[in-house]
Amino acid sequence: MAHVVRELDLNACYGPGSVMDKMNAVPGLRTSTAFFFFLRANLVVNPSAMSTPDMEPASSNRLPPPSPSPLVTVDPPSNPVPDDLPPLSVGILDTELDKVDALNLVTDSIAQQRQSASYHLVFHPYLLAALSIALGIAYQWSWRIKHDLGLALMVHSGVVMTYLLAIRYFTGQYIHVAENMKWNWMVSEDNEEDTVIGVRFGKDLIGALVLRLEPNPSLAGKKRSRNSVLRGGKGVIRAWTVKLRYRNKGVGIDMLHEAVKITRDKCGKDAEIGFAKEHANSTMVLPEAFNGPFRKDEQRAAKTLEKVLSEWEGSKRRRKL
């Protein structure tokens, strides 16, 4: 049997008296022959395995073209526009029947002020404070003094019902204001009817604007034609309303553009136009402290008209250029 070397003597390589003598003197420092064979086997590199990596970019021809996934689907629009959508038209209402329909829209907008006023009053801080005091008094009397749960519930319910009925009573005056608006409201002192602008969605009248063209003050009372008297005059918007379901969709702005166009055509290119101080919705049946929402609506309407006028001025400057 061949002799197997279990330990490697370093003195054979470096000679006696060297540092290796001291290392071999320590048993723990003797290096195992198996360790060196293991280390040599792992350090041997196969030349065939060492090859230069391919740094060239891969050709796009190697990749198959992308194909649409059968799982990808395009959903149709949730609210598609129907093909039979009725047309939207803006123009002057000439017939008496159309003007009556426009007047009904105006009176409906006045009656709707009752709902807005009621909602505002229910949550008004002044009235909520009064309601809290009334409920506190009812609690003290019905529960702290009488100690009757049924009585407490009945009294508290009565206080709340009285609160709501009082609001309903005071805001009901808007219904009377709407009922008192008649045809003569659209006739001026010189027996000239106001110009009524309407918006039709198909056959339905969805918006109305009442425009009064006031003549030039310097020509008032003189025997001249209506068109000549209007030169230098101004336009006054006395009513401007849209059905509830069509509001905030640009319908009212279209009527304002039409009102500006008619005023500039009849009274001159620089004619002024604005809202009347006593317009259809200007009647307030409540004290001024409770009319905040309606005053904000008037401010928004005035700002909208200013925006329309600025667009007209901008388009006029572009035409000059």
Side-chain angles (χ1 to χ4, degrees), residues 90 92-93 95-124 127 164-189 192-201 204-214 235-256 258-259 262 273-305 308:
V90 184
I92 298 177
L93 303 180
T95 64
E96 183 177 351
L97 182 61
D98 291 339
K99 292 182 179 180
V100 171
D101 293 339
L103 184 61
N104 290 334
L105 281 180
V106 175
T107 55
D108 290 343
S109 67
I110 298 174
Q112 289 164 5
Q113 288 182 269
R114 177 186 184 181
Q115 301 176 2
S116 302
S118 298
Y119 181 82
H120 178 66
L121 290 180
V122 168
F123 300 101
H124 196 280
L127 299 183
L164 297 177
L165 288 175
I167 292 176
R168 178 181 175 84
Y169 171 77
F170 286 107
T171 57
Q173 300 299 319
Y174 283 107
I175 303 298
H176 299 292
V177 175
E179 291 175 350
N180 292 332
M181 180 168 287
K182 304 298 181 181
W183 177 266
N184 56 5
W185 179 82
M186 295 193 302
V187 180
S188 62
E189 296 178 356
E192 292 290 339
E193 292 185 2
D194 295 337
T195 303
V196 182
I197 302 172
V199 177
R200 288 191 178 278
F201 185 61
D204 297 333
L205 186 67
I206 64 173
L209 185 148
V210 179
L211 175 67
R212 175 167 294 182
L213 299 177
E214 295 185 352
V236 179
I237 300 175
R238 307 186 66 231
W240 180 48
T241 184
V242 179
K243 281 187 176 181
L244 281 175
R245 60 180 300 185
Y246 298 104
R247 291 180 183 176
N248 300 321
K249 300 182 183 299
V251 178
I253 296 178
D254 293 340
M255 289 191 294
L256 290 179
E258 187 68 18
I262 294 173
I273 182 172
F275 285 96
K277 185 177 181 181
E278 297 180 355
H279 53 83
N281 302 94
S282 62
T283 303
M284 301 297 166
V285 301
L286 300 174
E288 188 61 30
F290 303 105
N291 295 327
F294 303 122
R295 299 307 180 193
K296 291 180 181 179
D297 290 341
E298 292 178 346
Q299 295 175 2
R300 283 195 294 266
K303 290 181 180 179
T304 304
L305 180 59
V308 171

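Phe275 has its side chain within reach of Trp240: a pair of non-hydrogen atoms, C-beta onward, lies under 4.5 Å apart. Within the 4.5 Å cutoff, the side chain of Met186 has heavy atoms near those of the Val210 side chain. Here the side chains of Trp185 and Asn180 are not in contact, with every heavy-atom distance at 4.5 Å or above. Val122 is listed as a side-chain neighbour of Leu164, based on a closest heavy-atom distance under 4.5 Å. The shortest side-chain heavy-atom distance between Val196 and Leu209 does not fall under the 4.5 Å cut-off. Looking only at side-chain heavy atoms (C-beta outward), Arg295 and Arg300 stay at 4.5 Å or farther from each other. In this structure, the side chains of Val90 and Ile197 come closer than 4.5 Å at one or more pairs of heavy atoms.
Although no hydrogens or angles enter the test, the distance criterion places no donor-acceptor pair under 3.5 Å between the side chain of Asp204 and the main chain of Arg200.
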**Q.** Chi angles and distances behind the side chain to side chain contact (heavy atoms under 4.5 Å, CB included) call for Arg168, Arg114
**A.** CA-CA 8 Å; Arg168 178 181 175 84; Arg114 177 186 184 181; 3.1 Å; yes

Task: Stepwise side chain to side chain contact (heavy atoms under 4.5 Å, CB included) check, Gln113 with Asn281 - done: CA-CA 8 Å; Gln113 288 182 269; Asn281 302 94; 3.2 Å; yes

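One distance of note links CG of Leu103 with CD of Glu96; it measures 11.0 Å at 0.5 Å rounding. Distance NE2/His279 to CD/Glu298: 3.5 Å, rounded to 0.5 Å. The line from OG of Ser118 to OH of Tyr169 is 14.0 Å long, rounded to the nearest 0.5 Å. To the nearest 0.5 Å, atom CG of residue Leu121 and atom OG of residue Ser116 are 10.5 Å apart. Here His120 contributes atom NE2 and Thr171 contributes atom OG1; the two are 12.0 Å apart, rounded to the nearest 0.5 Å. With rounding to the nearest 0.5 Å, the separation of CD1 in Ile262 from OG1 in Thr195 is 6.0 Å.
The two atoms that bring Ala111 and Ala178 nearest to each other are N-CB, 4.1 Å, heavy atoms only. Considering every non-hydrogen atom in both Ala239 and Val106, the closest pair reads CB-CG2, 3.9 Å. Taking both residues in full, the closest heavy atoms of Ala259 and Leu211 are given as O-CD2, 3.9 Å, listed atom of the first, atom of the second, then distance. Here the closest heavy-atom approach between residue Leu205 and residue Gly198 is recorded as CD1-CA, 3.9 Å. Nearest heavy-atom pair, Tyr174 versus Val285, reported as atom, atom and distance to 0.1 Å: CE1-CG2, 3.2 Å. Looking at every heavy atom in both residues, Ser282 comes nearest to Lys277 through CB-O, 3.7 Å.
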Acceptor/donor pairs from residues 241-255 side chains to any protein atom, 3.5 angstrom cut, sequence neighbours excluded:
unit_1, atom_1, unit_2, atom_2, d
Arg247, NE, Val242, O, 2.6
Arg247, NH2, Gln112, OE1, 3.0
Arg247, NH2, Val242, O, 3.1

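A salt bridge links Glu193 with Lys99: at least one charged nitrogen is closer than 4.0 Å to a carboxylate oxygen. Salt bridge Glu278/Arg238: absent, no basic N to carboxylate O contact under 4.0 Å.
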